[in-house]
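Chain identifiers are assigned alphabetically (A, B, ...) following the order of the sequence lines, protein sequences preceding nucleic acid strands; residue numbering begins at 1 within each chain. This is a predicted model, so every value here is computed, not measured.
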Amino acid sequence: MMQFMLLFSRQGKLRLQKWYVAHPDKLKKKITRELITTVLARKPKMCSFLEWKDVKIVYKRYASLYFCCAMEQEDNELLTLELIHRYVELLDKYFGSVCELDIIFNFEKAYFILDELVLGGELQETSKKNVLKAIAAQDLLQEEETPQGFFEDHGLG
Amino acid sequence: MPAVRGDGMRGLAVFISDIRNCKSKEAEIKRINKELANIRSKFKGDKTLDGYQKKKYVCKLLFIFLLGHDIDFGHMEAVNLLSSNKYSEKQIGYLFISVLVNTNSDLIKLIIQSIKNDLQSRNPIHVNLALQCIANIGSKDMAEAFGTEIPKLLVSGDTMDVVKQSAALCLLRLFRKSPEIIPGGEWTSRIIHLLNDPHMGVVTAATSLIDALVKKNPEEYKGCVTLAVARLSRIVTASYTDLQDYTYYFVPAPWLSVKLLRLLQNYTPPSEEPGVRGRLSECLETIFNKAQEPPKSKKVQHSNAKNAVLFEAISLIIHNDSEPNLLVRACNQLGQFLSNRETNLRYLALESMCHLATSEFSHEAVKKHQEVVILSMKMEKDVSVRQQAVDLLYAMCDKTNAEEIVQEMLAYLETADYSIREEMVLKVAILAEKYATDFTWYVDVILNLIRIAGDYVSEEVWYRVIQIVINREEVQGYAAKTVFEALQAPTCHENMVKVGGYILGEFGNLIAGDTRSSPQVQFELLHSKYHLCSAATRALLLSTYIKLVNLFPEIKNRVQEVFRADSNLRSSDVELQQRASEYLQLSIVASADVLATVLEEMPAFPERESSILAVLKKKKPGRIPDDVRESKSPQPTAAPTAVINSTNNTNSSSADLLGLSTPPGTTAPATGNGLLDVLGDLYTAPKISPSTVQQNNIKKFLFKNNGVLFENDLIQIGVKSEYRQNLGRIGLFYGNKTQFPIQNVRPELHWTDLHKLNVQMKPMEPVLEAGAQIQQMLTAECIEDFVDAPSMSVSFVYNNVPQKITMKLPLTLNKFFEPTEMNGESFFARWKNLGGEQQRAQKIFKAQGSIDIPATRTKLAGFGMQLLDGIDPNPDNFVCAGIVHTRVQQVGCLMRLEPNKQAQMFRLTVRSSKETVSHEICNLLADQF
């Protein structure tokens with residue numbers, strides 16, 4: 001089971017965090033800080049897996065962004081790496097060659113896509129088509145709703 | 001600013017841009033605070049916000065949270081969004097809740113209600129939102145609320161596939177919180193049959209659930225084995241076009257394959273159904289065959305997915321440990337990976353081989369790769385890979401290759417990364433001990449270890465070499481000679497001095513015949529290191545010196561000179577001072593016979609599992625093969641007969657000369673006045689073990705006001721109190737001994753006699769940070785005399801596990817004593833006056849040990865009454881006087897305690913103006929001496 005997933009930049013800025021185990025906020029912050037430091041200190045050719053405290057960390061860097069998952073001992077490392085890749089593919093497909101900025105400005109979408117792929121720390125749906133279908137259905141629902149903020153956002157509200 | 005998809009919130013995008021444009025951290029914080037103030041005022045304002053605005057602000061809060069700031073409001077607005085009829089608002093509400101609401105929030109009832117409504121929705125997208133929320137933050141409350149509905153949803157024929165997927169994982173979450181919600185019975189078979197579902201996504205999600213259910217109740221779900229094997233077989237034999245979108249880079253359904261292989265690892269090989277077993281073997285063979293096929297794509301995703309399945313198949317083969325062919329085949333396959341150019345594969349191959357090395361079928365096959373593994377240890381660029389290589393060498397070691405492997409590990413240790421040195425030292429020490437056929441080799445290895453990596457040689461390691469030398473006569477002379485030589489190095493590690501000191505003290509005589517290592521030379525060599533060593537080592541050396549006096553009477557004068565030196569006899573270190581003065585006296589007073597008896601050679605340690613192995617197991621639980629081949633070496637159980645003890649030495653700390661009997665890891669933190677020790681044991685990350693609760697001994701607090709009231713692995717509670725008249729102030733000090741916060745700390749008093757004793761507890765912080773100590777004040781007022789003492793329970797949550805401890809407060813009637821001086825005359829006058837049946841209480845009880853007059857005196861002095869000397873004609877008897885202060889009255893009280901040394905009994909008499917007081921004081925004091 002995945003315990004948490006973190007997305008952070010090369011500068012160590014957290015871009016997304018998803019926790020599947022309940023920790024107090026303080027502990028989450030501590031783990032995040034320590035893990036980011038640990039991962040950033042590693043060299044490019046190093047192995048993508050590391051034993052860290054009582055979890056197995058699987059991480060991969062895509063352009064300026066690190067994707068980092070904490071797994072339990074018996075979880076399969078290579079497939080976790082591919083789960084990260086599948087997530088990146090989904091983001092890429094959805095945003096159209098995704099970059100860090102897309103995730104910053106649309107973090108909520110990044111969450112929604114992740115929720116379709118992984119649920120409660122377990123893989124839910126591996127088909128790219130099915131995940132994108134689900135997200136498209138959500139977007140469709142939204143578009144049917146009138147954008148109420150139009151006036152306010154243009155200083156007319 | 002990139003294009004915003006869906007219904008973008010312009011205000012949010014502007015805010016994010018603002019933050020990104022901030023030039024400094026301060027500017028960013030300023031901008032955030034401004035926004036927080038704005039949102040707060042919008043939420044508080046009279047103008048009702050519409051859904052869109054709420055959504056936008058909630059989203060901003062989420063973003064601020066992501067930046068690492070704490071968010072302490074907005075939860076209610078987010079909950080409001082849940083009931084919006086606009087999907088986008090609902091979705092943001094759920095997002096906020098799953099990211100920011102913790103499971104014991106007050107809002108949970110409202111959230112549960114909204115989820116209920118959405119689960120009823122006819123729109124599957126709404127249903128899924130609700131299910132996802134449960135899967136993300138599901139708690140016991142939610143398990144209660146949805147425990148009947150979701151299992152039904154999962155197996156109902158009407159449920160859409162996408163909803164089934166979410167429902168399966170949602171139920172998994174609830175099952176982890178409350179295992180009892182799983183219905184069982186007919187439902188079991190329906191859930192198992194989800195493995196046959198035509199929709200691969202449903203099977204993928206359901207397999208995770210079934211895996212968890214199986215772990216809890218393997219027997220009930222046994223039927224899943226046949227189905228899982230059948231499903232796996234269909235996947236591995238499928239061509240990559242068969243499974244369409246579930247094929248990942250030409251690999252058919254890798255995730256589902258791995259989950260199924262994992263599921264099968266919960267069972268032993270299906271032996272009663274040979275058909276199933278055969279089919280599984282075929283699957284595994286197919287997976288191996290495919291691994292040998294030329295790759296269908298050059299992409300790393302292809303090989304990763306393919307190898308992920310392969311590694312999981314190998315895990316299953318290792319788990320089953322029953323098919324020698326497959327095990328050897330696995331080993332060959334992994335051997336190929338050892339020289340693959342992908343670091344990840346090398347890492348995993350080393351890890352997996354470690355497990356193969358523990359199987360008798362494949363141990364030999366693993367050994368064939370020894371050369372490559374040694375190279376990995378030396379050459380890999382990544383320390384985590386080197387670490388795996390070390391682990392594998394350790395696992396593949398046996399009698400035939402031990403010398404070589406130990407040699408290589410020792411050589412590598414000279415340059416090894418600091419992060420893995422300590423563990424390597426332990427491993428080398430264990431291997432050397434386990435496979436030593438010649439113990440001189442073992443001694444050499446350990447001394448080399450100390451030489452190469454002295455700082456990383458933990459105490460257990462050098463304790464161990466001493467234990468072994470003491471138990472093996474054949475190696476003692478060699479050990480003495482070798483340490484003697486090692487000590488001649490111009491610089492040598494303190495651990496070497498310790499080992500050298502101990503061994504020469506025991507066996508120096510074995511090499512004394514050689515003039516190069518004559519008694520004088522031995523002594524001066526050791527003593528030349530003395531001044532460079534820590535106090536603990538010096539203490540050990542002093543013991544060595546007195547032992548040398550016994551072995552070699554000719555150096556007695558020289559040794560006495562050292563004992564007499566101011567730096568020892570008047571050392572500021574009390575232990576050194578004591579040893580120096582006691583050993584000096586011993587050497588002066590005792591005859592040669594007495595010396596020889598007192599300082600005779602240490603007896604053999606009892607044989608047991610190696611204590612170093614225990615340390616390694618603790619460091620790396622689960623990674624040390626458990627099949628530790630017979631261990632022929634000793635470990636101390638009880639203290640080695642503390643030789644010096646027989647000289648009637650009352651100081652217990654010098655009883656056990658080296659403290660060899662207690663592994664340092666388990667040394668209990670000093671108790672006694674332990675408030676300062678609260679932080680002492682921070683680094684031994686305790687496991688929660690409510691059963692090891694160390695009960696508080698309330699009785700000792702009869703005689704003192706301060707001390708440790710309660711202590712276990714997690715928490716220490718200390719008390720400090722003071723009393724005046726009928727009032728008391730009690731400070732409780734809660735210390736967190738762990739590295740994690742202790743939460744929801746809730747102390748509660750249980751005391752019904754409030755009309756007699758009124759105790760008020762000040763509120764305290766509910767969170768006890770790691771290593772921190774907080775104080776709580778209690779005030780007490782004695783209204784009327786009372787019996788016994790109030791109880792207190794402290795409940796808290798550690799690592800999500802609720803804990804509760806109960807104890808008595810050290811608040812007894814005697815705390816309200818005022819001591820009263822009086823002369824003999826008035827004492828006897830009062831004593832007589834209080835002679836009535838209603839005023840007296842008397843008890844006769846057996847002494848706890850032998851009667852100790854000074855100790856009794858000390859205790860009584862702490863009890864609260866005035867000890868009156870020179871009143872009782874018998875000087876061994878104690879008489880005391882005091883006044884108990886209560887709000888309603890003051891009660892004068894006299895006491896007499898008569899020890900009877902012959903009978904080892906005490907007679908206790910208490911007289912006071914109130915019967916209940918006499919009895920309570922008598923009860924409190926009885927059996928305490």
So do the side chains of [X] and [Y] get within less than 4.5 Å of each other, counting heavy atoms only?
{"X": "A:Leu140", "Y": "B:Tyr87", "answer": "no"}
{"X": "A:Trp19", "Y": "B:Asn136", "answer": "no"}
{"X": "A:His23", "Y": "B:Phe740", "answer": "no"}
{"X": "B:His302", "Y": "A:Glu82", "answer": "no"}
{"X": "A:Leu79", "Y": "B:Pro254", "answer": "yes"}
{"X": "A:Leu141", "Y": "B:Asn123", "answer": "yes"}
{"X": "B:Ser98", "Y": "A:Lys18", "answer": "yes"}

_NZ/NE/NH1/NH2 to OD/OE distance under 4.0 Å, B:Asp382 and A:Lys43_ =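 A salt bridge is absent here (no side-chain N lies under 4.0 Å from a carboxylate O).
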*Does a salt bridge link B:Arg176 with A:Glu122, judged by any charged N lying under 4.0 Å from a carboxylate O?*
yes
Enter the distance from [X]:[atom1] to [Y]:[atom2] here, rounded to the nearest 0.5 Å.
{"X": "A:Cys47", "Y": "B:Gln388", "atom1": "SG", "atom2": "CD", "result": "8.0 Å"}
{"X": "B:Asn304", "Y": "A:Leu78", "atom1": "CG", "atom2": "CG", "result": "5.0 Å"}
{"X": "B:Trp255", "Y": "A:Asn76", "atom1": "CH2", "atom2": "CG", "result": "10.5 Å"}
{"X": "A:Arg42", "Y": "B:Ser384", "atom1": "CZ", "atom2": "OG", "result": "4.0 Å"}

Toward chain A, the part of [X] with a non-hydrogen atom under 4.5 Å:
{"X": "B:Glu342", "value": "neither"}
{"X": "B:Ile134", "value": "neither"}
{"X": "B:Leu169", "value": "side chain"}
{"X": "B:Tyr249", "value": "side chain"}

Between [options], which has the largest tally of heavy atom pairs under 4.5 Å with chain B?
{"options": "A:Asn130, A:Thr32, A:Leu123, A:Leu50", "result": "A:Leu123"}
{"options": "A:Lys13, A:Lys45, A:Glu74", "result": "A:Glu74"}
{"options": "A:Ile104, A:Val21, A:Leu14", "result": "A:Ile104"}
{"options": "A:Arg15, A:Gln17, A:Lys30", "result": "A:Gln17"}

Counting only non-hydrogen atoms closer than 4.5 Å, does [X] touch chain B with its backbone (N, CA, C, O), its side chain (CB onward), both, or neither?
{"X": "A:Glu77", "result": "side chain"}
{"X": "A:Leu81", "result": "side chain"}
{"X": "A:Arg86", "result": "both"}
{"X": "A:Gln73", "result": "neither"}
{"X": "A:Leu27", "result": "side chain"}
{"X": "A:Lys29", "result": "side chain"}
{"X": "A:Phe49", "result": "both"}

*Just say parallel, tilted or perpendicular for the rings of B:Tyr248 and A:His85, cut-offs at 30° and 60°.*
perpendicular
Restricting to non-hydrogen atoms, name the atom on [X] and the atom on [Y] that form the minimum distance, rounded to 0.1 Å.
{"X": "A:Lys129", "Y": "B:Asp245", "value": "N-OD2, 2.7 Å"}
{"X": "B:Ala13", "Y": "A:Phe105", "value": "O-CE2, 3.4 Å"}
{"X": "A:Ser48", "Y": "B:Asn344", "value": "N-OD1, 2.7 Å"}
{"X": "B:Leu95", "Y": "A:Glu108", "value": "CD2-CB, 3.6 Å"}
{"X": "B:Gly201", "Y": "A:Glu125", "value": "CA-OE2, 3.9 Å"}
{"X": "A:Met46", "Y": "B:Lys381", "value": "CE-O, 4.4 Å"}

*Are the side chain of B:Thr204 and the backbone of A:Thr126 linked by a donor-acceptor contact shorter than 3.5 Å?*
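No, the answer is negative, given that no donor and acceptor are paired below the 3.5 Å cut-off.
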*Check for a donor-acceptor pair, side chain of A:Gln124 on one end and backbone N or O of B:Ser166 on the other, with a separation under 3.5 Å.*
yes
*Side-chain donor-acceptor pair under 3.5 Å between A:Asp115 and B:Tyr94, yes or no?*
no
_Just by distance, no angles: are the side chains of B:Gln91 and A:Tyr111 close enough, under 3.5 Å, to form a donor-acceptor pair?_
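Judged by distance alone, the side chains do not pair up.
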*Could you go step by step and tell me if A:Glu51 and B:Gln387 meet the side chain to side chain donor-acceptor pair (under 3.5 Å) rule?*
CA-CA 10 Å; A:Glu51 307 231 343; B:Gln387 164 94 60; over 6 Å; no
*For A:Phe112 and B:Ile92, run side-chain contact (heavy atoms from CB on, under 4.5 Å): C-alpha distance rounded to whole Å, both residues' side-chain angles, the deciding distance at 0.1 Å, then the answer.*
CA-CA 10 Å; A:Phe112 299 149; B:Ile92 293 293; 4.1 Å; yes
*List the steps, then state whether salt bridge (Lys or Arg N to Asp or Glu O under 4.0 Å) holds for A:Lys26 with B:Asp70.*
CA-CA 10 Å; A:Lys26 275 232 167 107; B:Asp70 295 326; over 6 Å; no
*With chain A, which of B:Met200, B:Glu769, B:Arg20 has the greatest number of heavy-atom pairs at distances under 4.5 Å?*
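Heavy-atom pairs under 4.5 Å are most numerous for B:Arg20.
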*What residue, out of B:Arg346, B:Lys259, B:Glu380, has the most heavy-atom pairs lying under 4.5 Å from chain A?*
B:Lys259
